[in-house]
Amino acid sequence: MKLDTVEAARVVRDASIEAMDALNSVVVEVAPLLSEASSKALRLAVARSMTAILDNLVNPVLEEYPGLEADEDTWGDIAANRARERLAAVTNSSNE
């Protein structure tokens, strides 16, 4: 994957982080409601999905733009900020 600008790469990285955070939230919220076998199947499906996001989006972006490498705290901040932005956008559109 070749992205033309660092800003495009940053958007892909940030959206990927947000997607992985959302998948993790699914496991946290839903797994306790499931049988052990179903919970295990869900966790495996989420792990495979996260691996695909890392392999196909995040890692190629970081190879092309190593300056976008982020530590664990920054990953958490990115996920939280994007979630807040989405909530604000939804709230604003419902107020119109």
Restricting to pairs with a member in residues 17-26, which pass side-chain hydrogen bond (donor to acceptor under 3.5 Å, both in side chains), not counting sequence neighbours?
E18-R82, E18-R86
Test log, rule side-chain contact (heavy atoms from CB on, under 4.5 Å), inputs W75 and M20
CA-CA 10 Å; W75 276 57; M20 290 172 47; 3.8 Å; yes
Would a distance-only check, ignoring hydrogens and angles, find a side-chain to backbone donor-acceptor pair under 3.5 Å from Y65 to L3?
yes
Give a yes-or-no answer on whether the side chains of T74 and D77 include a donor-acceptor pair shorter than 3.5 Å.
no
Does V27 offer a backbone N or O that forms a donor-acceptor pair with the side chain of R43 under 3.5 Å?
no
Residues two or more places apart in sequence or in another chain: which of them pass side chain to side chain contact (heavy atoms under 4.5 Å, CB included) with N59?
L54, D55
Approximate separation, where rounding is to 0.5 Å, of L68 CG and L62 CG
6.5 Å
Any donor and acceptor pair, going by atom type alone, linking the side chain of T51 with main-chain N or O of A47 inside 3.5 Å?
yes
d(L23 CG, R48 CZ) to nearest 0.5 Å is 14.0 Å
Show your working on side-chain contact (heavy atoms from CB on, under 4.5 Å) between I17 and I53 and close with a plain yes or no.
CA-CA 9 Å; I17 290 170; I53 291 168; over 6 Å; no
Sort out for me which residue in I78, V11, V58 forms a side chain to side chain contact (heavy atoms under 4.5 Å, CB included) with S16.
V58
Cluster overlap V6 with V61, hydrophobic side-chain contacts below 4.5 Å:
yes
Give a yes or no on whether E7 atom CD has more than 12 heavy-atom contacts from other residues, nucleotides or ligands under 6.0 Å away.
yes
Would you find a donor on one side and an acceptor on the other, under 3.5 Å apart, between the side chain of S38 and the backbone of L34?
no
